[in-house]
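All remarks here apply to the structure that follows.
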2 protein chains.
Amino acid sequence: MQSYTEENYLKTIYHLAEKTINVQTNAIAEQMQTKPASVTDMIKKLADKGLVDYIKYQGVTLTEIGKNTAIDIVRKHRLWEVFLVDKLNFKWDEVHDVAEELEHIKSIELIERLDEFLGFPKADPHGDPIPDKNGRFAKTQFIKLIELKIGDQGTITGVTQHSSAFLKHLEKLGLTLGKKIQISDVTDFDGSVEILLSDKQVNISREVAKHILISSNGKN
Amino acid sequence: MQSYTEENYLKTIYHLAEKTINVQTNAIAEQMQTKPASVTDMIKKLADKGLVDYIKYQGVTLTEIGKNTAIDIVRKHRLWEVFLVDKLNFKWDEVHDVAEELEHIKSIELIERLDEFLGFPKADPHGDPIPDKNGRFAKTQFIKLIELKIGDQGTITGVTQHSSAFLKHLEKLGLTLGKKIQISDVTDFDGSVEILLSDKQVNISREVAKHILISSNGKN
DNA sequence: AAAAATTTTTAGATTTACCTAAAAATAAAA
DNA sequence: TTTTATTTTTAGGTAAATCTAAAAATTTTT
Ligand SMILES: [Mn+2]
Ligand SMILES: [Mn+2]
Ligand SMILES: [Mn+2]
Ligand SMILES: [Mn+2]
């Protein structure tokens, strides 16, 4: 059984490991809003428990057990987010912090029944895949909106930024999950992108375009 | 903002205060499954925070703020219990431990929306009243089944014991909330009570009868 | 290959929530 | 009203998760 804190470390390491093989102490510290010295302490503890492999100065990787534990926490987090949005009518930008707490409730029965109650959803309100009870989920192969060319079409299926400010911004522009879009122009000056929606046309900054994921329906 | 632990102490003191004015250190320790010395430490801390009034060797009482905080935790606990039973199909004997964790999730918005989602229930699966968002609830005036006389009728509306063993036992006997009963006999030998249900007749021990609450529909 | 910069670890403290053992206060019995 | 029993508090310590400051290792630059 892991503590609330250990679980948060495992989840953070899991997400960071999606970018780099060996996860660095400083990266964990930044993500967890703590100090590198504290991270070193915790890494040693997790290594003792067999949840991470650790070589001094070389960063950490999750062991099989550590990875499974992390995936289970991610599963809980995303299922609770679905609950909050689908059942309690929260907006997609309001659910993260509460799910951050709910993900630590320890009851296998609870989460399996919640999964069933929600109809075994495949993705959370931000388009992220929800692992099943065996930890399996489809590795979604999305393309970043920023990488699309003029004329390309697709459907918004995810975001890589979960801050309330960012999500509210998308909401206001009408860029929500499931919306079909087409790139109508890319500005030379600042790289901002002009997007054609069914009813209107919106302009988004390069920065925003970086964090939107598109499932492409083929070129043009 | 209180810690998980402080909240549990406040809730325990609140429940104990329903029996005695001044709550004793040892009573808290027993309820919290901890040592009296630890209780003294925590009491001092709660007193410093203005959540309890405390005189050395004289026990504690909740301040207005402390009481409101406790009631809010009780509200959360009971609402989550309703959720688990009504929405996730848990049995009434399976919900306590999970609710014990869920009650500490800190989000006013969450609990208000949950309340609404559940249809503003007035009582939890054990018949205990659910405080509204202002902390108000009807002081239910139930009588213990053990106090009924032969011929008395009533409806089961609560229990004063939440252990799984006890609740499963009641379930098996068909003694669930809302059931109408009539006392058909009280055994001299061991004080056990014979109860008439709509369809059958069951015999319960004195000990069981002590923990069932009845809303009486008048004598005989 | 040194020097400089960055990253990471150690050393030593702090805070929270516990504990045991012993002392002090209060309540009950003789 | 002593003596005895019970309750409660203090004293001193532990473990988890932090922190700051300084030392050590690694990486990058010159
Ligand atoms: Mn978390
Ligand atoms: Mn999400
Ligand atoms: Mn609790
Ligand atoms: Mn209950």
Pair up each side-chain donor or acceptor in residues 56-69 of chain A with any protein partner under 3.5 Å, not counting sequence neighbours, and list the distances.
from  : atom 1 : to    : atom 2 : distance (Å)
A:T63 : OG1    : A:G50 : O      : 2.8
A:T63 : OG1    : A:L51 : O      : 3.1
A:T63 : OG1    : A:G66 : N      : 3.1
A:N68 : ND2    : A:E64 : O      : 3.4
A:T69 : OG1    : A:I65 : O      : 2.8

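- B:Q33 places its CD atom 16 Å from the C1' atom of C:dC19, with the value rounded to the nearest Å.
- Residues forming a side-chain contact (heavy atoms from CB on, under 4.5 Å) with B:D185 (at least two apart in sequence, or on another chain): B:I150, B:E194.
- Shown here are the side-chain hydrogen bond (donor to acceptor under 3.5 Å, both in side chains) partners of A:S205, two or more places apart in sequence or in another chain: there are none.
- Residues that satisfy the side-chain contact (heavy atoms from CB on, under 4.5 Å) test with B:L177, not counting sequence neighbours, are B:W92, B:I156.
- Contacts classified as salt bridge (Lys or Arg N to Asp or Glu O under 4.0 Å) and involving residues 156-171 of chain B (residues at least two apart or in different chains) are given here: B:D93-B:K168.
- Applying the salt bridge (Lys or Arg N to Asp or Glu O under 4.0 Å) test to residues at least two apart or on different chains, none of the pairs has a partner in residues 83-92 of chain B.
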For residues 26-38 of chain A, run the donor-acceptor check on the side chains, cut-off 3.5 Å, and write out each pair with its distance to 0.1 Å, sequence neighbours left out.
none

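- For B:T160, the side-chain hydrogen bond (donor to acceptor under 3.5 Å, both in side chains) test picks out B:H211, with sequence neighbours left out.
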Protein-nucleotides 22-25 of chain C N/O pairs closer than 3.5 Å?
from   : atom 1 : to    : atom 2 : distance (Å)
C:dA25 : O4'    : B:Y57 : OH     : 3.3

Every protein N/O lying under 3.5 Å from an N/O of nucleotides 10-13 of chain D:
from   : atom 1 : to    : atom 2 : distance (Å)
D:dT10 : OP1    : B:K56 : NZ     : 2.6
D:dT10 : OP2    : B:K44 : NZ     : 2.5

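- Sorted by first and then second residue, the side chain to side chain donor-acceptor pair (under 3.5 Å) pairs with a member in residues 113-141 of chain B read B:R75-B:D115, B:E81-B:H126, B:E109-B:R113, B:D128-B:H162; sequence neighbours excluded.
- Listed by residue number, the members of residues 20-28 of chain B with any heavy atom below 4.0 angstrom from DNA chain D are B:Q24, B:T25, B:N26.
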